[in-house]
There are 2 protein chains.
Amino acid sequence: MGQQYEQLDEETLFIVSQTFKALSDPTRIRILHLLSSGEFSVTEIANRLSLLQSTVSHQLRFLKNLRLVKYRREGTTLYYSHDDEHVLHILEQTIRHARDH
Amino acid sequence: MGQQYEQLDEETLFIVSQTFKALSDPTRIRILHLLSSGEFSVTEIANRLSLLQSTVSHQLRFLKNLRLVKYRREGTTLYYSHDDEHVLHILEQTIRHARDH
DNA sequence: TCAATATATGAATATATGTTCATATAAGTT
DNA sequence: AACTTATATGAACATATATTCATATATTGA
């Protein structure tokens with residue numbers, strides 16, 4: 001096996017580092033992990049994870065900029081859900097790996 | 001499909017965030033990506049990636065603390081190589097994914 | 001032991017980042 | 001329009017982080 005080494009161009013490097021940066025913060029991990037099980041409003045997320053509404057909102061913006069989450073509106077409520085299967089897969093995979101010590 | 005949601009304990013959260021933090025920096029990504037193709041000394045890594053020896057050494061220490069790399073000594077030279085197949089797999093997987101836009 | 005080479009380390013600095021507080025915006029209801 | 005509820009935003013702050021410079025350590029060979 002062993003894939004071949006190929007120089008990383010600036011753009012790829014940027015995308016990859018941004019992707020992992022999104023997954024490097026405990027709060028964002030918790031939010032994404034929660035969203036892996038369904039759709040939740042900002043308030044619901046804050047309540048379930050014992051976080052301030054502002055904190056959740058800021059982090060959701062971060063995740064939305066990277067297109068890792070999306071939302072739909074229902075009245076004044078915004079329901080957030082995940083929007084990147086690949087990244088979610090990597091997260092869940094790593095969580096399982098971490099749990100096995 | 002759809003795996004079940006399960007609360008993340010502190011330890012798992014820490015391990016997962018640390019792992020992704022290691023992959024969130026462009027310099028560390030470049031080092032790990034280079035090491036995916038073989039064994040290199042600190043000086044070789046610095047030359048190939050146009051980095052200061054000190055920078056490489058600091059980042060290698062970071063990666064070594066997380067057991068993502070290891071080294072063997074030959075005289076005064078330390079040859080570093082990767083030491084975590086799982087993390088390397090995730091990195092290469094994400095690089096390929098990023099390259100497809 | 002001295003010199004040369006390879007690597008590690010610590011301090012300093014600049015920058016990035018996460019959270020909090022206060023407040024703004026937006027939609028719905030009366 | 002006023003009020004309520006849900007969410008977003010901006011500033012301020014504290015902390016974390018990456019890089020650089022100068023220097024220390026370690027190994028080898030003369």
Side-chain angles (χ1 to χ4, degrees), chain A residues 8 10 13-35 38-83, chain B residues 8 10 13-35 39-81 83:
Chain A
L8 289 171
E10 270 304 318
L13 201 55
F14 181 74
I15 296 174
V16 172
S17 62
Q18 284 297 110
T19 302
F20 287 125
K21 191 162 293 173
L23 300 174
S24 71
D25 175 71
T27 300
R28 288 193 291 270
I29 291 174
R30 294 174 74 209
I31 292 174
L32 283 172
H33 183 58
L34 178 60
L35 294 185
E39 216 185 29
F40 297 89
S41 74
V42 178
T43 303
E44 282 171 344
I45 296 171
N47 289 338
R48 292 216 185 207
L49 304 182
S50 304
L51 295 167
L52 292 178
Q53 178 268 322
S54 178
T55 300
V56 175
S57 188
H58 277 298
Q59 296 298 2
L60 284 172
R61 178 168 59 174
F62 184 108
L63 295 170
K64 184 141 188 321
N65 285 340
L66 291 176
R67 299 178 190 283
L68 300 187
V69 302
K70 61 178 188 282
Y71 66 81
R72 70 180 174 84
R73 179 181 287 279
E74 205 168 285
T76 57
T77 304
L78 301 187
Y79 290 97
Y80 278 84
S81 55
H82 64 82
D83 198 27
Chain B
L8 289 170
E10 270 304 318
L13 201 55
F14 181 74
I15 296 174
V16 172
S17 62
Q18 283 297 109
T19 302
F20 287 126
K21 191 162 293 171
L23 300 174
S24 71
D25 175 71
T27 300
R28 287 193 292 270
I29 292 174
R30 295 175 72 211
I31 292 174
L32 283 172
H33 183 58
L34 177 60
L35 294 185
E39 214 184 32
F40 295 90
S41 73
V42 178
T43 304
E44 281 171 344
I45 295 171
N47 289 338
R48 292 217 184 205
L49 304 182
S50 303
L51 296 167
L52 291 178
Q53 178 269 321
S54 177
T55 300
V56 174
S57 189
H58 277 298
Q59 295 298 2
L60 284 172
R61 176 168 59 176
F62 184 108
L63 294 170
K64 182 139 190 322
N65 284 341
L66 291 175
R67 297 177 192 281
L68 300 187
V69 302
K70 62 177 188 284
Y71 65 81
R72 73 180 172 82
R73 179 182 286 279
E74 204 168 285
T76 57
T77 304
L78 301 186
Y79 288 98
Y80 278 85
S81 55
D83 198 26

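Letters A, B, ... mirror the listed sequences (proteins, then strands); counts begin at 1. Only this structure's heavy atoms are used, side chains among them; waters, hydrogens and symmetry mates stay out.
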Round to the nearest Å and state the distance from Ile45(A) atom CD1 to dT7(D) atom P.
9 Å
Let me know the distance between CG of Leu60(B) and P of dT9(C), rounded to the nearest Å.
11 Å
Does Arg73(B) make a cation-pi contact with Tyr79(B), if we ask for NZ or CZ under 6.0 Å from the ring centre and within 45° of the axis?
no
Whole angstrom value for the distance that separates P of dT9(C) from NZ of Lys64(B)
10 Å
Who are the side-chain contact (heavy atoms from CB on, under 4.5 Å) partners of Tyr71(A), not counting sequence neighbours?
Lys64(A), Leu78(A), Tyr80(A)
Rounded to whole angstrom units, what separation is found between the CG atom of Leu78(A) and the P atom of dT25(C)?
17 Å
So Ser57(A), base contact, sugar-phosphate only, or nothing? Heavy-atom distance under 4.0 Å.
base
Quickly work out the Tyr79(A) OH to dA27(C) P distance and round it to whole Å.
16 Å
Residue-phosphate contact under 4.0 Å: Tyr80(B) side-chain N/O, dA8(C) OP1/OP2:
yes
Donor-acceptor contacts under 3.5 Å from residues 43-56 of chain B side chains, at least two apart:
unit_1   : atom_1 : unit_2   : atom_2 : d
Glu44(B) : OE1    : Ser41(B) : N      : 2.8
Asn47(B) : ND2    : Thr43(B) : O      : 3.4

Protein heavy-atom contacts under 4.0 Å, written 5' to 3' over nucleotides 17-30 of chain D as B (base), S (sugar-phosphate only) or - (none), form the string SSSBB-----BS--
Counting only side-chain nitrogens and oxygens, does Arg61(A) get under 4.0 Å of the OP1 or OP2 atom of dT9(D)?
yes
Short side-chain N/O contact from Thr43(A) to OP1 or OP2 of dT7(D), under 4.0 Å:
yes
More than 12 foreign heavy atoms under 6.0 Å from CZ of Arg67(B): is that the case here?
no
